[in-house]
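Because only heavy atoms are used, hydrogens play no part in the values below, and waters and symmetry mates are left out as well, while side chains stay in. Just so it is clear: chains get the letters A, B, ... in the order the sequence lines come, proteins before strands, and each one is counted from 1.
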Amino acid sequence: MPEEEYSEEERKAFEEKIKRMSPEELKEFQKRNCVFCQIIIGQIPAKKVYEDDHCLAVLEINPAAPGHILLLPKEHHAIMPQIPEEEIGHLFMAAKHLSHALLRGLKCGGINLFVANGAVAGQKFQHFVIHLIPRKESDGIKLELPQREIPEDILSKINEVVQNRFNELMGIKKELVKVETKEHAEKKKEAADEEESEKKKEETEKTDPQEEENEDEKSEESEEEKDGSISLDDIASVLNGGR
Amino acid sequence: MVCELCAVAKKEVESELLYEDNEIMAVVHLKPAIPGQIIVFPKHHYPIFEQVPDKIIAKMFKIANKLGIALFESLNCHGTNLLINNGVAAGQTMAHFSLNLIPRKEKDGLKLQWEPKKASEEELQTAFLMINEKSKELHPDLFGREEKNEELVEERGRPKEIKLDKKKENYLLKSLKRLP
Ligand SMILES: [Zn+2]
Ligand SMILES: [Zn+2]
(Lines give C-alpha, C1' and ligand atoms only; values in the text may rest on other atoms or scores of the structure.)
(Ligands and ions follow the chains in the order given, each with its own letter.)
Protein backbone atom coordinates (compact mmCIF):
# COMPACT_ATOMS: atom_id res chain seq x y z
CA MET A 1 0.00 0.00 0.00
CA PRO A 2 1.39 3.43 -0.85
CA GLU A 3 2.48 5.53 2.06
CA GLU A 4 1.47 9.16 2.15
CA GLU A 5 4.27 11.65 2.31
CA TYR A 6 3.90 14.91 4.18
CA SER A 7 6.18 17.90 4.13
CA GLU A 8 7.16 19.38 7.48
CA GLU A 9 4.63 22.21 7.00
CA GLU A 10 1.80 19.94 6.02
CA ARG A 11 2.56 17.74 8.97
CA LYS A 12 2.39 20.64 11.39
CA ALA A 13 -0.89 21.88 9.93
CA PHE A 14 -2.18 18.32 10.10
CA GLU A 15 -1.30 17.97 13.75
CA GLU A 16 -2.88 21.34 14.58
CA LYS A 17 -6.05 20.32 12.80
CA ILE A 18 -6.27 17.05 14.66
CA LYS A 19 -5.83 18.76 18.00
CA ARG A 20 -8.89 20.93 17.39
CA MET A 21 -11.18 18.09 16.36
CA SER A 22 -13.95 16.47 18.36
CA PRO A 23 -13.76 12.66 18.54
CA GLU A 24 -16.52 12.37 15.90
CA GLU A 25 -14.80 14.79 13.55
CA LEU A 26 -11.55 12.98 14.12
CA LYS A 27 -13.09 9.69 13.13
CA GLU A 28 -14.60 11.15 9.95
CA PHE A 29 -11.31 12.78 9.07
CA GLN A 30 -9.45 9.54 9.60
CA LYS A 31 -11.82 7.61 7.40
CA ARG A 32 -11.49 10.05 4.53
CA ASN A 33 -7.72 9.91 4.73
CA CYS A 34 -7.37 6.21 5.31
CA VAL A 35 -6.25 3.92 2.46
CA PHE A 36 -7.85 0.93 4.16
CA CYS A 37 -11.19 2.63 4.69
CA GLN A 38 -11.12 3.46 0.97
CA ILE A 39 -10.45 -0.19 0.16
CA ILE A 40 -13.28 -1.27 2.47
CA ILE A 41 -15.83 0.97 0.74
CA GLY A 42 -14.51 -0.15 -2.64
CA GLN A 43 -12.90 3.13 -3.71
CA ILE A 44 -9.51 1.49 -4.07
CA PRO A 45 -9.42 -1.96 -5.71
CA ALA A 46 -7.84 -4.88 -3.87
CA LYS A 47 -7.68 -8.67 -4.00
CA LYS A 48 -10.16 -9.70 -1.34
CA VAL A 49 -9.48 -13.13 0.14
CA TYR A 50 -12.11 -12.92 2.87
CA GLU A 51 -14.97 -10.64 3.80
CA ASP A 52 -17.84 -10.61 6.27
CA ASP A 53 -19.86 -7.88 7.97
CA HIS A 54 -17.05 -7.02 10.35
CA CYS A 55 -13.76 -7.61 8.61
CA LEU A 56 -12.02 -7.73 5.28
CA ALA A 57 -8.84 -9.53 4.27
CA VAL A 58 -6.87 -8.41 1.21
CA LEU A 59 -3.54 -9.29 -0.34
CA GLU A 60 -0.76 -6.82 0.49
CA ILE A 61 0.46 -5.36 -2.83
CA ASN A 62 3.93 -4.83 -1.34
CA PRO A 63 4.23 -8.15 0.44
CA ALA A 64 6.97 -9.48 2.70
CA ALA A 65 6.38 -12.76 0.88
CA PRO A 66 3.86 -13.94 -1.73
CA GLY A 67 0.50 -14.47 -0.06
CA HIS A 68 1.01 -11.77 2.61
CA ILE A 69 -2.50 -10.98 3.89
CA LEU A 70 -3.78 -7.83 5.58
CA LEU A 71 -6.80 -8.48 7.78
CA LEU A 72 -8.76 -5.34 8.65
CA PRO A 73 -11.71 -4.53 10.86
CA LYS A 74 -14.26 -2.67 8.70
CA GLU A 75 -14.70 -0.05 11.35
CA HIS A 76 -11.83 2.44 11.49
CA HIS A 77 -9.77 1.84 14.62
CA ALA A 78 -6.18 3.06 14.93
CA ILE A 79 -4.97 0.54 17.50
CA MET A 80 -6.11 -2.67 19.14
CA PRO A 81 -7.15 -1.18 22.51
CA GLN A 82 -9.86 0.78 20.69
CA ILE A 83 -11.53 -2.27 19.19
CA PRO A 84 -14.59 -3.67 21.02
CA GLU A 85 -13.97 -7.08 22.61
CA GLU A 86 -16.45 -8.96 20.47
CA GLU A 87 -14.72 -7.66 17.37
CA ILE A 88 -11.33 -8.80 18.65
CA GLY A 89 -12.51 -12.35 19.16
CA HIS A 90 -14.05 -12.40 15.70
CA LEU A 91 -11.01 -10.84 13.97
CA PHE A 92 -8.54 -13.35 15.36
CA MET A 93 -10.79 -16.31 14.65
CA ALA A 94 -10.86 -15.10 11.04
CA ALA A 95 -7.06 -14.72 11.24
CA LYS A 96 -6.76 -18.33 12.32
CA HIS A 97 -8.82 -19.60 9.38
CA LEU A 98 -6.86 -17.46 6.94
CA SER A 99 -3.61 -18.71 8.45
CA HIS A 100 -4.83 -22.24 7.90
CA ALA A 101 -5.67 -21.50 4.27
CA LEU A 102 -2.24 -19.92 3.73
CA LEU A 103 -0.40 -22.79 5.34
CA ARG A 104 -2.17 -25.38 3.22
CA GLY A 105 -2.78 -23.36 0.07
CA LEU A 106 0.78 -22.10 -0.32
CA LYS A 107 2.44 -25.11 1.34
CA CYS A 108 4.76 -22.82 3.28
CA GLY A 109 6.81 -23.69 6.36
CA GLY A 110 4.99 -21.45 8.77
CA ILE A 111 2.98 -18.28 9.29
CA ASN A 112 3.70 -15.16 11.28
CA LEU A 113 0.83 -13.21 12.70
CA PHE A 114 2.07 -9.69 13.35
CA VAL A 115 0.36 -6.67 14.86
CA ALA A 116 1.97 -3.30 15.54
CA ASN A 117 0.22 -0.85 17.84
CA GLY A 118 1.93 2.53 17.58
CA ALA A 119 4.67 3.81 15.29
CA VAL A 120 7.47 2.68 17.64
CA ALA A 121 6.17 -0.85 17.20
CA GLY A 122 6.36 -0.49 13.42
CA GLN A 123 2.78 0.61 12.66
CA LYS A 124 2.66 2.22 9.21
CA PHE A 125 -1.02 2.91 8.70
CA GLN A 126 -3.65 4.61 10.79
CA HIS A 127 -6.02 1.67 10.47
CA PHE A 128 -5.53 -1.35 12.69
CA VAL A 129 -4.28 -4.30 10.66
CA ILE A 130 -3.30 -7.92 11.30
CA HIS A 131 -0.48 -9.14 9.08
CA LEU A 132 -0.39 -12.79 8.09
CA ILE A 133 2.94 -13.62 6.51
CA PRO A 134 3.74 -16.98 4.92
CA ARG A 135 7.29 -18.07 5.77
CA LYS A 136 9.97 -20.18 4.20
CA GLU A 137 13.45 -21.04 5.47
CA SER A 138 15.96 -18.16 4.99
CA ASP A 139 13.46 -15.77 3.40
CA GLY A 140 15.12 -12.75 5.00
CA ILE A 141 12.10 -11.77 7.11
CA LYS A 142 13.07 -10.81 10.65
CA LEU A 143 10.33 -11.73 13.08
CA GLU A 144 12.24 -13.95 15.48
CA LEU A 145 12.40 -12.88 19.09
CA PRO A 146 15.80 -12.77 20.78
CA GLN A 147 15.97 -13.93 24.41
CA ARG A 148 17.53 -11.89 27.16
CA GLU A 149 18.47 -12.84 30.69
CA ILE A 150 16.55 -10.64 33.13
CA PRO A 151 17.07 -10.63 36.91
CA GLU A 152 14.21 -12.22 38.83
CA ASP A 153 13.46 -9.18 40.94
CA ILE A 154 12.82 -7.10 37.83
CA LEU A 155 10.52 -9.77 36.41
CA SER A 156 8.46 -9.90 39.58
CA LYS A 157 8.28 -6.11 39.71
CA ILE A 158 6.99 -6.08 36.15
CA ASN A 159 4.50 -8.76 37.07
CA GLU A 160 3.29 -6.71 40.01
CA VAL A 161 2.63 -3.46 38.17
CA VAL A 162 1.17 -5.06 35.06
CA GLN A 163 -1.03 -7.34 37.09
CA ASN A 164 -2.33 -4.48 39.22
CA ARG A 165 -3.47 -2.60 36.16
CA PHE A 166 -4.74 -5.71 34.42
CA ASN A 167 -6.87 -6.68 37.41
CA GLU A 168 -8.37 -3.22 37.48
CA LEU A 169 -9.23 -3.53 33.82
CA MET A 170 -10.72 -6.98 34.26
CA GLY A 171 -12.55 -6.36 37.48
CA ILE A 172 -15.56 -4.26 38.26
CA LYS A 173 -15.23 -1.29 35.95
CA LYS A 174 -13.14 1.08 37.96
CA GLU A 175 -12.72 4.73 37.14
CA LEU A 176 -10.04 4.91 34.52
CA VAL A 177 -10.46 8.57 33.82
CA LYS A 178 -8.32 10.62 36.09
CA VAL A 179 -9.05 14.30 36.27
CA GLU A 180 -5.83 16.24 36.08
CA THR A 181 -6.20 18.73 38.90
CA LYS A 182 -3.50 21.11 40.02
CA GLU A 183 -3.01 19.03 43.11
CA HIS A 184 -2.69 15.93 40.98
CA ALA A 185 -0.06 17.51 38.77
CA GLU A 186 1.92 18.51 41.85
CA LYS A 187 1.72 15.00 43.18
CA LYS A 188 2.96 13.75 39.84
CA LYS A 189 5.95 16.02 40.05
CA GLU A 190 6.68 14.78 43.54
CA ALA A 191 6.41 11.24 42.26
CA ALA A 192 8.86 12.00 39.48
CA ASP A 193 11.31 13.46 41.99
CA GLU A 194 10.86 10.41 44.15
CA GLU A 195 11.52 8.24 41.17
CA GLU A 196 14.82 10.00 40.67
CA SER A 197 15.93 9.36 44.22
CA GLU A 198 14.65 5.83 43.92
CA LYS A 199 16.89 5.28 40.96
CA LYS A 200 19.80 6.39 43.06
CA LYS A 201 18.68 4.02 45.77
CA GLU A 202 18.62 1.22 43.29
CA GLU A 203 22.14 2.04 42.33
CA THR A 204 23.21 1.78 45.95
CA GLU A 205 21.40 -1.51 46.15
CA LYS A 206 23.64 -2.85 43.47
CA THR A 207 26.75 -2.02 45.46
CA ASP A 208 25.29 -2.88 48.84
CA PRO A 209 23.28 -6.07 48.58
CA GLN A 210 22.87 -6.43 52.35
CA GLU A 211 20.45 -3.56 52.50
CA GLU A 212 18.38 -4.89 49.66
CA GLU A 213 15.44 -6.16 51.67
CA ASN A 214 14.97 -2.95 53.50
CA GLU A 215 15.13 -0.85 50.38
CA ASP A 216 12.75 -3.10 48.55
CA GLU A 217 10.08 -2.51 51.12
CA LYS A 218 10.45 1.21 50.81
CA SER A 219 10.26 1.27 47.07
CA GLU A 220 7.21 -0.92 47.18
CA GLU A 221 5.46 1.60 49.38
CA SER A 222 6.06 4.48 47.06
CA GLU A 223 5.16 2.22 44.19
CA GLU A 224 1.57 2.04 45.35
CA GLU A 225 1.29 5.75 45.82
CA LYS A 226 2.50 6.44 42.34
CA ASP A 227 0.30 3.81 40.82
CA GLY A 228 2.54 1.83 38.53
CA SER A 229 5.76 3.74 38.54
CA ILE A 230 8.09 1.28 36.88
CA SER A 231 8.51 2.17 33.24
CA LEU A 232 10.47 0.59 30.45
CA ASP A 233 12.97 3.41 30.87
CA ASP A 234 13.42 2.54 34.53
CA ILE A 235 13.90 -1.09 33.69
CA ALA A 236 16.38 -0.26 30.96
CA SER A 237 18.40 1.98 33.26
CA VAL A 238 18.44 -0.66 35.97
CA LEU A 239 19.54 -3.27 33.47
CA ASN A 240 22.24 -1.07 32.03
CA GLY A 241 23.40 -0.03 35.49
CA GLY A 242 23.63 -3.65 36.50
CA ARG A 243 26.05 -4.45 33.74
CA MET B 1 9.79 -34.80 25.35
CA VAL B 2 8.93 -32.32 28.05
CA CYS B 3 6.98 -29.27 26.92
CA GLU B 4 7.98 -26.05 28.67
CA LEU B 5 4.53 -24.51 28.49
CA CYS B 6 2.75 -27.67 29.61
CA ALA B 7 5.09 -27.67 32.61
CA VAL B 8 4.09 -24.07 33.35
CA ALA B 9 0.41 -24.92 32.90
CA LYS B 10 0.71 -27.83 35.33
CA LYS B 11 2.64 -25.66 37.79
CA GLU B 12 5.62 -27.99 37.63
CA VAL B 13 7.90 -25.01 37.15
CA GLU B 14 7.77 -21.51 38.57
CA SER B 15 6.35 -18.69 36.52
CA GLU B 16 5.35 -15.06 36.80
CA LEU B 17 1.63 -15.67 36.43
CA LEU B 18 -0.58 -12.81 35.24
CA TYR B 19 -3.81 -14.55 34.34
CA GLU B 20 -5.24 -18.03 34.49
CA ASP B 21 -8.57 -19.73 33.89
CA ASN B 22 -9.62 -23.25 32.93
CA GLU B 23 -8.38 -22.91 29.38
CA ILE B 24 -5.68 -20.30 29.07
CA MET B 25 -2.76 -18.76 30.91
CA ALA B 26 -0.72 -15.55 30.65
CA VAL B 27 2.74 -15.18 32.15
CA VAL B 28 5.59 -12.68 32.10
CA HIS B 29 8.25 -14.08 29.76
CA LEU B 30 11.31 -15.10 31.77
CA LYS B 31 13.68 -14.58 28.84
CA PRO B 32 12.05 -11.72 26.98
CA ALA B 33 13.14 -9.83 23.88
CA ILE B 34 12.05 -6.74 25.83
CA PRO B 35 11.39 -6.84 29.59
CA GLY B 36 7.63 -6.92 30.03
CA GLN B 37 7.09 -9.37 27.17
CA ILE B 38 4.06 -11.54 27.96
CA ILE B 39 3.13 -14.95 26.60
CA VAL B 40 -0.48 -16.05 26.40
CA PHE B 41 -1.16 -19.72 25.67
CA PRO B 42 -3.82 -22.43 25.92
CA LYS B 43 -3.26 -24.86 28.79
CA HIS B 44 -3.96 -27.79 26.54
CA HIS B 45 -1.04 -28.77 24.32
CA TYR B 46 -1.82 -27.55 20.79
CA PRO B 47 1.33 -27.34 18.67
CA ILE B 48 0.03 -24.81 16.13
CA PHE B 49 -2.46 -21.96 15.70
CA GLU B 50 -4.81 -23.89 13.39
CA GLN B 51 -5.43 -26.61 16.00
CA VAL B 52 -6.68 -24.28 18.72
CA PRO B 53 -10.50 -24.10 18.97
CA ASP B 54 -12.11 -20.77 17.97
CA LYS B 55 -13.50 -20.19 21.44
CA ILE B 56 -10.05 -20.38 23.01
CA ILE B 57 -8.52 -18.18 20.30
CA ALA B 58 -11.16 -15.52 20.93
CA LYS B 59 -10.49 -15.63 24.66
CA MET B 60 -6.70 -15.55 24.27
CA PHE B 61 -6.81 -12.40 22.17
CA LYS B 62 -9.34 -10.65 24.37
CA ILE B 63 -7.07 -11.26 27.35
CA ALA B 64 -4.02 -10.26 25.29
CA ASN B 65 -5.76 -7.00 24.41
CA LYS B 66 -6.46 -6.21 28.06
CA LEU B 67 -2.88 -7.09 28.94
CA GLY B 68 -1.72 -4.79 26.13
CA ILE B 69 -3.70 -1.92 27.65
CA ALA B 70 -2.19 -2.78 31.04
CA LEU B 71 1.29 -2.62 29.48
CA PHE B 72 0.59 0.81 27.97
CA GLU B 73 -0.62 2.13 31.28
CA SER B 74 1.70 0.46 33.76
CA LEU B 75 5.03 0.34 31.94
CA ASN B 76 4.42 3.54 30.00
CA CYS B 77 5.46 1.97 26.75
CA HIS B 78 4.68 3.76 23.49
CA GLY B 79 3.55 0.78 21.51
CA THR B 80 3.01 -2.95 21.56
CA ASN B 81 3.60 -5.80 19.17
CA LEU B 82 1.57 -8.93 19.03
CA LEU B 83 3.44 -11.76 17.38
CA ILE B 84 2.72 -15.39 16.66
CA ASN B 85 5.54 -17.57 15.39
CA ASN B 86 3.57 -20.41 13.89
CA GLY B 87 5.78 -23.17 12.54
CA VAL B 88 9.56 -23.59 12.72
CA ALA B 89 10.10 -21.56 9.54
CA ALA B 90 8.23 -18.72 11.24
CA GLY B 91 10.50 -18.80 14.29
CA GLN B 92 8.47 -21.06 16.57
CA THR B 93 10.77 -22.35 19.32
CA MET B 94 8.37 -24.26 21.58
CA ALA B 95 6.08 -27.02 20.33
CA HIS B 96 3.16 -25.43 22.18
CA PHE B 97 1.14 -22.65 20.54
CA SER B 98 1.54 -19.25 22.18
CA LEU B 99 1.21 -15.57 21.38
CA ASN B 100 3.74 -12.92 22.35
CA LEU B 101 2.86 -9.45 23.52
CA ILE B 102 5.82 -7.08 23.50
CA PRO B 103 5.96 -3.58 24.99
CA ARG B 104 7.84 -1.15 22.73
CA LYS B 105 9.52 2.22 22.94
CA GLU B 106 11.87 4.29 20.79
CA LYS B 107 15.31 2.82 20.19
CA ASP B 108 14.71 -0.28 22.26
CA GLY B 109 16.94 -2.24 19.91
CA LEU B 110 14.32 -4.78 18.83
CA LYS B 111 14.04 -5.19 15.07
CA LEU B 112 10.91 -6.88 13.77
CA GLN B 113 10.84 -6.12 10.07
CA TRP B 114 10.74 -7.17 6.47
CA GLU B 115 11.65 -5.81 3.09
CA PRO B 116 8.44 -5.08 1.16
CA LYS B 117 8.63 -6.32 -2.42
CA LYS B 118 6.41 -5.00 -5.15
CA ALA B 119 4.19 -7.86 -6.31
CA SER B 120 3.20 -8.14 -9.95
CA GLU B 121 -0.45 -8.53 -10.88
CA GLU B 122 0.31 -12.08 -11.91
CA GLU B 123 1.93 -12.97 -8.58
CA LEU B 124 -1.00 -11.48 -6.70
CA GLN B 125 -3.49 -13.35 -8.83
CA THR B 126 -1.67 -16.65 -8.31
CA ALA B 127 -1.59 -16.23 -4.54
CA PHE B 128 -5.21 -15.10 -4.59
CA LEU B 129 -6.38 -18.21 -6.43
CA MET B 130 -4.36 -20.61 -4.26
CA ILE B 131 -5.65 -19.07 -1.04
CA ASN B 132 -9.24 -18.83 -2.25
CA GLU B 133 -9.40 -22.43 -3.36
CA LYS B 134 -7.98 -23.71 -0.09
CA SER B 135 -10.21 -21.42 1.98
CA LYS B 136 -13.37 -22.78 0.42
CA GLU B 137 -12.18 -26.34 0.84
CA LEU B 138 -11.12 -25.96 4.48
CA HIS B 139 -13.82 -23.63 5.73
CA PRO B 140 -16.84 -23.81 3.43
CA ASP B 141 -18.92 -22.44 6.30
CA LEU B 142 -16.87 -19.23 6.43
CA PHE B 143 -15.69 -18.76 2.89
CA GLY B 144 -18.39 -20.51 0.92
CA ARG B 145 -21.63 -18.58 0.96
CA GLU B 146 -22.71 -15.12 1.91
CA GLU B 147 -25.75 -16.27 3.92
CA LYS B 148 -23.55 -18.25 6.27
CA ASN B 149 -21.66 -15.13 7.18
CA GLU B 150 -24.85 -13.48 8.25
CA GLU B 151 -25.71 -16.35 10.55
CA LEU B 152 -22.31 -16.03 12.13
CA VAL B 153 -22.93 -12.38 12.77
CA GLU B 154 -26.35 -13.16 14.18
CA GLU B 155 -24.82 -15.55 16.70
CA ARG B 156 -22.26 -13.07 17.89
CA GLY B 157 -24.79 -10.32 18.31
CA ARG B 158 -24.28 -6.76 17.27
CA PRO B 159 -21.00 -5.10 18.15
CA LYS B 160 -21.25 -2.55 20.90
CA GLU B 161 -20.34 1.05 20.29
CA ILE B 162 -17.00 1.80 21.85
CA LYS B 163 -16.75 4.76 24.13
CA LEU B 164 -13.23 6.04 24.48
CA ASP B 165 -12.17 7.26 27.85
CA LYS B 166 -9.95 10.27 28.20
CA LYS B 167 -6.79 8.27 28.51
CA LYS B 168 -7.36 6.33 25.31
CA GLU B 169 -8.25 9.48 23.44
CA ASN B 170 -5.00 11.01 24.49
CA TYR B 171 -3.19 7.93 23.46
CA LEU B 172 -4.91 8.05 20.10
CA LEU B 173 -3.74 11.60 19.54
CA LYS B 174 -0.26 10.68 20.61
CA SER B 175 -0.16 7.68 18.35
CA LEU B 176 -1.59 9.63 15.43
CA LYS B 177 1.16 12.16 15.70
CA ARG B 178 3.70 9.43 15.51
CA LEU B 179 2.20 7.87 12.44
CA PRO B 180 3.35 9.00 9.01
ZN1 LIG C 1 -9.48 3.30 8.17
ZN1 LIG D 1 2.69 -28.23 25.75
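Using a 4.5 Å cut-off between heavy atoms, Ile63(B) touches chain A through backbone and side chain atoms alike. If you measure heavy-atom distances from Lys111(B) to chain A, the contacts under 4.5 Å come from the backbone alone. For Leu18(B), the parts lying under 4.5 angstrom from a heavy atom of chain A are both the backbone and the side chain. With a 4.5 Å cut-off on non-hydrogen atoms, Leu91(A) does not touch chain B at all. Heavy-atom distances place both the backbone and the side chain of Glu16(B) under 4.5 Å from chain A. For Ile69(A), the part lying near chain B is the side chain, with the backbone staying farther off; criterion is any non-hydrogen pair under 4.5 Å. Using a 4.5 Å cut-off between heavy atoms, Lys96(A) touches chain B through backbone and side chain atoms alike. Proximity to chain A is limited to the side chain of Asn100(B), based on heavy atoms less than 4.5 angstrom apart. In this structure, chain A has a heavy atom under 4.5 Å from the backbone of Val52(B), while its side chain stays farther away.
In this structure, Lys47(A) pairs ionically with Glu121(B), as a charged nitrogen and a carboxylate oxygen lie closer than 4.0 Å. Ion pairing of Lys12(A) with Glu16(A) is absent here, as no side-chain N (NZ or NE/NH1/NH2) approaches a carboxylate O to less than 4.0 Å. Under 4.0 Å is where a charged nitrogen must lie from a carboxylate oxygen, and between Glu50(B) and Arg104(A) no such pair does. Between Lys117(B) and Glu123(B), none of the side-chain N atoms (NZ, or NE/NH1/NH2) sits under 4.0 Å from a carboxylate O, so this pair counts as no salt bridge. Using a 4.0 Å cut-off between charged side-chain N and carboxylate O, Glu137(B) and Lys134(B) make a salt bridge.
Between chain A and the residues Ile57(B), Val28(B), Asp54(B), the largest count of heavy-atom pairs under 4.5 Å involves Asp54(B). Among Glu144(A), His131(A), Met80(A), Glu137(A), the residue with the largest count of heavy-atom pairs under 4.5 Å with chain B is Met80(A). Note on Val115(A), Ile88(A), Leu106(A): by heavy-atom pairs under 4.5 Å with chain B, the leading option is Val115(A). Most heavy-atom pairs under 4.5 Å with chain A: of the set Lys31(B), Lys107(B), Lys118(B), Lys59(B), this distinction falls to Lys31(B). Per-residue heavy-atom pair counts under 4.5 Å with chain A were compared for Glu133(B), Gln92(B), Met130(B), Gln113(B), and the maximum is reached by Gln113(B). If you tally non-hydrogen atom pairs under 4.5 Å between each of Gly87(B), Ala127(B), Pro116(B), Ala64(B) and chain A, the highest count goes to Pro116(B). By number of non-hydrogen pairs under 4.5 angstrom with chain B, the leading residue of Ser156(A), Pro66(A), Ala95(A) is Ser156(A). Per-residue counts of heavy-atom pairs under 4.5 Å with chain A were compared for Ala70(B), Ala58(B), Ala90(B); the largest is that of Ala90(B).
Counting only distance, with no hydrogens or angles, the side chain of Gln123(A) and the backbone of Ala78(A) share a donor-acceptor pair below 3.5 Å. The main-chain N or O of Gly91(B) is never found under 3.5 Å from a side-chain atom of Arg135(A) such that the two would form a donor-acceptor pair. Under the 3.5 Å distance criterion, the side-chain polar atoms of Arg104(B) are matched with a main-chain donor or acceptor of Leu110(B).
Relative ring orientation between Tyr19(B) and Phe166(A) is described as perpendicular, the plane-to-plane angle rising above 60° on a 0-90° scale split at 30° and 60°.
Residue Glu14(B) qualifies as open at atom CD: its count of foreign heavy atoms under 6.0 Å is 12 or below. Heavy atoms of other residues, nucleotides or ligands lying less than 6.0 angstrom from CD of Glu12(B) number more than 12.
Identified by a heavy-atom distance below 4.5 Å to chain A, the contributing residues of residues 37-45 of chain B are Gln37(B), Ile38(B), in residue-number order.
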**Request:** Kindly determine whether Asn86(B) and Ser99(A) satisfy side-chain contact (heavy atoms from CB on, under 4.5 Å), including the steps that lead there.
**Result:** CA-CA 9 Å; Asn86(B) 191 39; Ser99(A) 172; 3.8 Å; yes
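Partners of Phe128(B) by ring-ring contact (aromatic ring centres under 6.0 Å, His included), not counting sequence neighbours: none found.
Side chains of His90(A) and His54(A): no donor on one and acceptor on the other come within 3.5 Å.
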